[in-house]
Amino acid sequence: MDEVWQYQFRIILLGDSTVGKSSLLKCFTGGTFSEVQDPTVGVDFYARTLEVEPGCRIKLQLWDTAGQERFRSITRSYFRNSVGGLLLFDVTNRHSFENVREWLKEVDAHVFPNKTIFVLVGHKSDLVEERQVSRGEAEALAAALGLNYLETSAKNSSNVEEAFTKLTACIYQSMKEGDIALEDGWDGVKRGFNPTAVDRAKDEKTSDCSC
Ligand code: GTP
Ligand code: MG
């Protein structure tokens, strides 16, 4: 049976090919890791529910995009209907770090005038000897871009829960503050059939005003 949820967030995973997007999602949704992983063709889909605060469950619709350039026209079409995502680079691949700004530029160009909420993720943190991007350098870039930063590993499950929890909490906070609005014809955020106490209070207020 489907779990009960109050909101659904549509989340996208972005970053160069081989940075580990599919591996991170498989770790988060199934707790598995494989050294051999086929490149994603177009887009794949995963789902999991998280509780952001007592009584408020968020269903995460997780869209895993292909990093390869030849799929870019397909992956771009998923930007607009996403409320946010994880932007990954591989800490052992400097080029993937240098492309972070380009990924954000591309997203901004497609979602304008709307905004999306991203968390920057330095992935494969288990490969300590092969590191090409220091934590300090990545934190500086994240600060310049106004993003949160986390380092993860799908191999040893380090910070995997934290990355998705952080992103979900940031989106939820923005929604509560009114920076993200639920709109018809936009799939980034959907409300479920089980309102939270806050929603019920809002609904009662709205119906009070209308009479
Ligand atoms: P595309 O689908 O082509 O965009 O690539 P991707 O970003 O989905 O990368 P994928 O998950 O396919 O992983 C690429 C390679 O990195 C695979 O060989 C994985 O086993 C490996 N990998 C992924 N995550 C980790 C990690 O945390 N640590 C280590 N050591 N290897 C990882
Ligand atoms: Mg993939």
Side-chain angles (χ1 to χ4, degrees), residues 9-30 32-47 60-127 130-135 137-155 159-160 163-164 167 171 186-188:
F9 292 169
R10 212 162 142 159
I11 302 295
I12 196 163
L13 266 82
L14 296 180
D16 283 7
S17 185
T18 77
V19 296
K21 301 176 293 295
S22 304
S23 302
L24 185 65
L25 277 167
K26 283 183 178 159
C27 182
F28 178 61
T29 57
T32 57
F33 174 74
S34 169
E35 295 282 353
V36 183
Q37 177 70 49
D38 286 330
T40 304
V41 174
V43 174
D44 270 341
F45 172 74
Y46 299 77
L60 302 177
Q61 266 200 351
L62 302 155
W63 296 90
D64 179 19
T65 66
Q68 287 178 24
E69 181 68 44
R70 65 196 173 106
F71 296 114
R72 203 55 51 84
S73 61
I74 302 172
T75 57
R76 271 191 205 115
S77 63
Y78 285 81
F79 294 174
R80 202 190 78 82
N81 272 313
S82 304
V83 64
L86 297 179
L87 174 49
L88 268 72
F89 70 90
D90 171 353
V91 295
T92 72
N93 173 349
R94 187 140 196 104
H95 190 63
S96 70
F97 176 67
E98 284 160 1
N99 276 342
V100 162
R101 281 183 189 273
E102 294 307 312
W103 279 108
L104 278 184
K105 260 193 226 160
E106 186 145 358
V107 172
D108 285 346
H110 283 83
V111 302
F112 186 83
N114 295 330
K115 287 254 177 258
T116 42
I117 296 176
F118 275 91
V119 168
L120 183 64
V121 174
H123 191 58
K124 306 192 189 178
S125 60
D126 58 286
L127 297 174
E130 294 159 49
R131 192 183 261 271
Q132 292 182 359
V133 181
S134 73
R135 179 188 279 269
E137 200 178 358
E139 281 172 347
L141 176 65
L145 296 170
L147 305 179
N148 282 293
Y149 177 67
L150 277 161
E151 297 199 338
T152 55
S153 165
K155 190 164 183 175
N159 263 348
V160 174
F164 288 93
L167 175 65
I171 296 169
W186 179 63
D187 293 332

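Counting begins at 1 with the first residue of the sequence.
- Among residues two or more places apart in sequence or in another chain, the side-chain hydrogen bond (donor to acceptor under 3.5 Å, both in side chains) test is passed with R80 by none.
- Heavy atoms only, all atoms of each residue included: V19 and S96 are closest at CG1-CB, 3.6 Å.
- Checked by atom type and distance alone, the side chain of N159 pairs as donor or acceptor with a backbone atom of E151 at under 3.5 Å.
- The two residues F118 and V107 make their nearest non-hydrogen contact at CE1-CG1, 3.8 Å.
- With hydrogens and angles ignored, the 3.5 Å screen pairs a side-chain donor or acceptor of K21 with a backbone N or O of D16.
- Under the rule for a salt bridge (Lys or Arg N to Asp or Glu O under 4.0 Å), the partners of K155 that lie at least two apart in sequence or sit in another chain are E35.
- Counting only residues at least two apart or on different chains, the salt bridge (Lys or Arg N to Asp or Glu O under 4.0 Å) pairs with a member in residues 102-112 are R76-E106, E102-K105.
- For N93, there are no side-chain hydrogen bond (donor to acceptor under 3.5 Å, both in side chains) partners two or more places apart in sequence or in a different chain.
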Let me see the working for V91 and L127 under side-chain contact (heavy atoms from CB on, under 4.5 Å), right down to the final yes or no.
-> CA-CA 8 Å; V91 295; L127 297 174; 5.7 Å; no
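- The structure places CH2 of W63 at 12.0 Å from CG of L25, a figure rounded to the nearest 0.5 Å.
- Under the rule for a salt bridge (Lys or Arg N to Asp or Glu O under 4.0 Å), D126 has no partner lying at least two apart in sequence or in another chain.
- Taken to the nearest 0.5 Å, the CG atom of L88 stands 11.0 Å off from the OG1 atom of T18.
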For this session: Under the side-chain contact (heavy atoms from CB on, under 4.5 Å) rule, what do T65 and L13 come out as? Steps first, then yes or no, please.
Result: CA-CA 6 Å; T65 66; L13 266 82; 5.5 Å; no
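- Rounded to the nearest 0.5 angstrom, Q37 CD and S23 OG are separated by 4.5 Å.
- By the 30° and 60° cut-offs, the orientation of the rings of Y149 relative to F89 is parallel.
- Ring-plane geometry between F164 and F28 is classed as parallel, the angle between the planes falling under 30 degrees on a 0 to 90 degree scale with a further cut at 60.
- Scanning for side-chain contact (heavy atoms from CB on, under 4.5 Å) contacts around V41 gives F71, with sequence neighbours left out.
- Between T92 atom OG1 and Q132 atom CD the span is 6.0 Å, to the nearest 0.5 Å.
- Not counting sequence neighbours, the partners of L145 by the side-chain contact (heavy atoms from CB on, under 4.5 Å) test are V100, R101, L104, L141, L147.
- Partners of E130 according to the side-chain hydrogen bond (donor to acceptor under 3.5 Å, both in side chains) rule, which considers only residues two or more places apart in sequence or in another chain, do not exist here.
- Applying the side-chain hydrogen bond (donor to acceptor under 3.5 Å, both in side chains) test to T152 and every residue at least two apart in sequence or in another chain returns H123.
- E139 is linked by a salt bridge (Lys or Arg N to Asp or Glu O under 4.0 Å) to R135, counting only residues two or more places apart in sequence or in another chain.
- Nearest heavy-atom pair, D90 versus K124, reported as atom, atom and distance to 0.1 Å: OD2-NZ, 3.2 Å.
- The two residues A47 and T29 make their nearest non-hydrogen contact at O-CG2, 3.8 Å.
- From F97, atom CZ reaches atom CG of L120 across 7.5 Å, with rounding to the nearest 0.5 Å.
- When all heavy atoms of S17 and Q68 are compared, the pair lying nearest together is OG-CG, 3.7 Å.
- Judged as a salt bridge (Lys or Arg N to Asp or Glu O under 4.0 Å), and not counting sequence neighbours, the contacts of R94 are E98, E137.
- D44 pairs by the side-chain contact (heavy atoms from CB on, under 4.5 Å) definition with T40, Y46, D64, not counting sequence neighbours.
- The nearest pair of heavy atoms linking V160 to S153 is CG2-O, 3.4 Å.
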